[in-house]
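Scroll down for the structure; my scribbles are underneath it.
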Amino acid sequence: MTDDLVSLARSHGIETRYTSETGDDRSLSETALRSLLTVMGIDPDSAQPGHFESARHVPELACVAPQGDPAWGVTCQLYALRSSRTFGLGDFEDLGRLAEIAGRAGAAFLGVNPLHALFFANPGHYSPYSPSTRRFLNPFYIAMDALPGGAAAMAELAAEDPSLFDGLDGDLIDYPRAGRARAAVLRRIFDRGEAVDQQALSAFRERHADAIENFALFEALSMHFAAAGGSAGWHGWPEPFRHPEHDAVRAFAAEHASDILFHIWLQQTAETQLRTVQKRALDAGMSIGLYLDFAVGVSPDGAETWADPDVTMPDARVGSPPDMFNAAGQDWGLAPLSPEALAKRNYTPLAQAYDALMKNAGAVRIDHVMGLARLWWIARGHDARDGGYVRYPLGDMVDVVARASRANGCIVIGEDLGTVPAGFRPVMQAANILSYRVLYFEKREWEGFIAPAQYPAGSLACISTHDLATLAGWWAASDIALRAEAGRQDAESTRRDRAERDNDRHALLHALRLDGLLPHDFAGPLDNRSALPDALPLELALAVHRFAARTRSHLFAVQLDDMVMALRQPNLPGTTDAYPNWRIRGEVPLEALEDHPIFKAMAAAMREERPRHT
């Protein structure tokens, strides 16, 4: 590999060397450098140097800073919420009810998985982190029975097809079946007309202008081709329809005006219901309200890349480098934004996506916030091991977030787990972007879990996340068993991980003792290094939550699953069919949640550790 190739790559923002999460210095291969330059449209052998080094990397603005005393909140997976009125998956009415329950319990916020639009024509595409666009919402979360004519529409369809609503009450979500039923009901409600406020719909259409028109047109085309047995994503459409400006697309739009209006109505309805949930959260006493999630990228064949193909890199995907959990790295299958296109447009596409999320939230979490500085690109035809980090102008990227934060009065949390570049966290701190600290990872070799006082104040602390074991699952090492069963690791790795987990359980007990929280029954096992119970006792779960709540972190998030001591985690990264990712429904229905003894005990502990001051 020549020095000229390395210099060329650096001048176009490619990091030719990086430090892994274990502290190892690693260099990109010549294959990686050439493939990344090629997807940028740069000839590796004859191109002129780029100008990335002249880009501004120091932010000028800061996000809204958290106010008031340290607070706690609840996080959940919206689709997993279960109630007596839910049809197959949770919806905005369920979210509103949970907000009121959590608000009465003393929570300051309610966090939720990404609510971005997926593919209405393909309910089987259900990962919330692989959206069609980040500017609009998933209409499957609309509470149908809350709409005028909703109950009548459901009754009509049930009479016409008695099997339509069958099979929706299982412990796992059947997205295709639930999606078909919801799509049918929503279209019937729209056609009945009682729920269509023409004045509000016109105002919504005017406010979102070309963005909503293009999105609704994409959705109508997607429904059209999927209904004929084709693809919901535009990569599988006939060539003329892959281009929004083609005459064939214009003709389709003219012939399907009602279908397009239906999808605009869906978005107007979803936004109205989400805004109502935020109001219900604040009215229930929450100081922050909804805490929404912003995915790191979009699906390559979705609405965003169809309507605006130049803003993403069509021949690259986003992922992560090899690490201790994934020797081959990860390919997330998302389209990376083009740094050049963003700069040329003054970052408007990204600004619009942030604003769309923040206008109905008190806080947002940016998934993989290191994407403000760099993303691991993988060129088409290569795997993650041949990828590399491509840099973005950090100063400009942070300023986009900060402007949206200020305009909407919204707190920003950056999920900074994994390989964090040197100097990144100080920049985030200066910009008031809270760090994301997970108890499982906040430990030091030979020292064990760090004390609560060692957490940074400018952070959100939590015990676990949707990609990790619940606390009960972590204690029982169910995540290790799952990885082994899914073929993600061999027997030797499983034995190593189990031994490490046993050490971690004892280390956690030691940390609890130092903070005066160790339950009496665990003093002996800790001192004698004797066997610990396989199942997590409630008193120990409460002690761990109290420990995490005592951190200096301004915010502390408690998973709803942990508030009822659920064992199963929502997602097992790196798997597809080997684990029911994003399909597991909540164990406790909302009607029983507020009086559930474990939920009540957890909420009481949180109120004591982080009381709400009026």
Side-chain angles (χ1 to χ4, degrees), residues 1-59 296-297 300 310-324 326-344 347 368-398 416 418-428:
M1 182 162 47
T2 66
D3 291 341
D4 287 345
L5 179 62
V6 171
S7 297
L8 179 66
R10 287 175 178 168
S11 74
H12 286 282
I14 299 172
E15 289 192 359
T16 60
R17 306 180 70 87
Y18 72 97
T19 303
S20 73
E21 89 288 353
T22 57
D24 299 324
D25 186 48
R26 297 181 181 176
S27 299
L28 297 195
S29 66
E30 181 174 354
T31 298
L33 296 182
R34 287 182 170 275
S35 67
L36 292 174
L37 285 168
T38 300
V39 299
M40 292 178 176
I42 299 161
D43 186 339
D45 297 311
S46 61
Q48 295 296 311
H51 304 285
F52 184 82
E53 293 307 322
S54 65
R56 189 172 62 82
H57 300 298
V58 179
V296 69
D310 295 336
V311 81
T312 54
M313 304 300 296
D315 293 322
R317 305 176 308 282
V318 176
S320 62
D323 58 30
M324 64 180 70
N326 298 277
Q330 295 184 58
D331 183 345
W332 300 335
L334 303 173
L337 290 168
S338 164
E340 183 179 2
L342 283 176
K344 284 181 178 178
Y347 299 88
H368 193 71
V369 74
M370 288 81 75
L372 297 176
R374 67 182 190 182
L375 283 173
W376 187 264
W377 287 18
I378 307 160
R380 180 179 293 176
H382 296 265
D383 60 28
R385 285 171 293 196
D386 286 330
Y389 281 115
V390 175
R391 297 173 64 190
Y392 290 78
L394 180 59
D396 291 324
M397 297 287 281
V398 170
D416 51 353
T419 308
V420 182
F424 179 78
R425 279 180 169 153
V427 173
M428 295 298 100

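Side-chain atoms are counted along with the backbone in the values below, which use heavy atoms only and exclude waters and symmetry mates.
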Are any non-hydrogen side-chain atoms of [X] and [Y] less than 4.5 angstrom apart?
X	Y	answer
D396	Y347	yes
I378	D383	no
R17	D25	yes
R385	P321	no
T19	D24	no
L334	V296	yes
T419	W376	no
L5	L37	yes

Taking atom [atom1] of [X] and atom [atom2] of [Y], what is their separation to the nearest 0.5 Å?
X	Y	atom1	atom2	value
R34	L8	CZ	CG	9.5 Å
R391	H57	CZ	NE2	4.5 Å
T312	R317	OG1	CZ	13.5 Å
Y389	M370	OH	CE	7.0 Å
L36	I42	CG	CD1	10.0 Å
K344	S338	NZ	OG	8.0 Å

Determine the minimum heavy-atom distance between [X] and [Y], stating which atoms define it.
X	Y	result
P300	G333	CD-O, 3.1 Å
A32	D386	CB-O, 3.2 Å
G371	M397	O-CE, 4.0 Å
T16	A9	CG2-CB, 3.9 Å

Answer yes or no: is there a donor N or O on one side and an acceptor on the other, between the side chain of [X] and the main chain of [Y], under 3.5 Å?
X	Y	answer
S11	G50	yes
W377	G387	no
S46	D43	no

Go through M313 and L337 one step at a time and tell me if the side chain to side chain contact (heavy atoms under 4.5 Å, CB included) criterion holds. CA-CA 6 Å; M313 304 300 296; L337 290 168; over 6 Å; no
For a side chain to side chain contact (heavy atoms under 4.5 Å, CB included) check, start with the C-alpha distance between D416 and V369, then their side-chain angles and the critical distance, and finish with the verdict. CA-CA 6 Å; D416 51 353; V369 74; 4.0 Å; yes
Report the C-alpha separation of R10 and F52 in whole Å, then their side-chain angles, then the decisive distance to 0.1 Å, and conclude whether the side chain to side chain contact (heavy atoms under 4.5 Å, CB included) test is met. CA-CA 8 Å; R10 287 175 178 168; F52 184 82; over 6 Å; no
Step-by-step side chain to side chain contact (heavy atoms under 4.5 Å, CB included) determination, R374 to L394: CA-CA 8 Å; R374 67 182 190 182; L394 180 59; over 6 Å; no
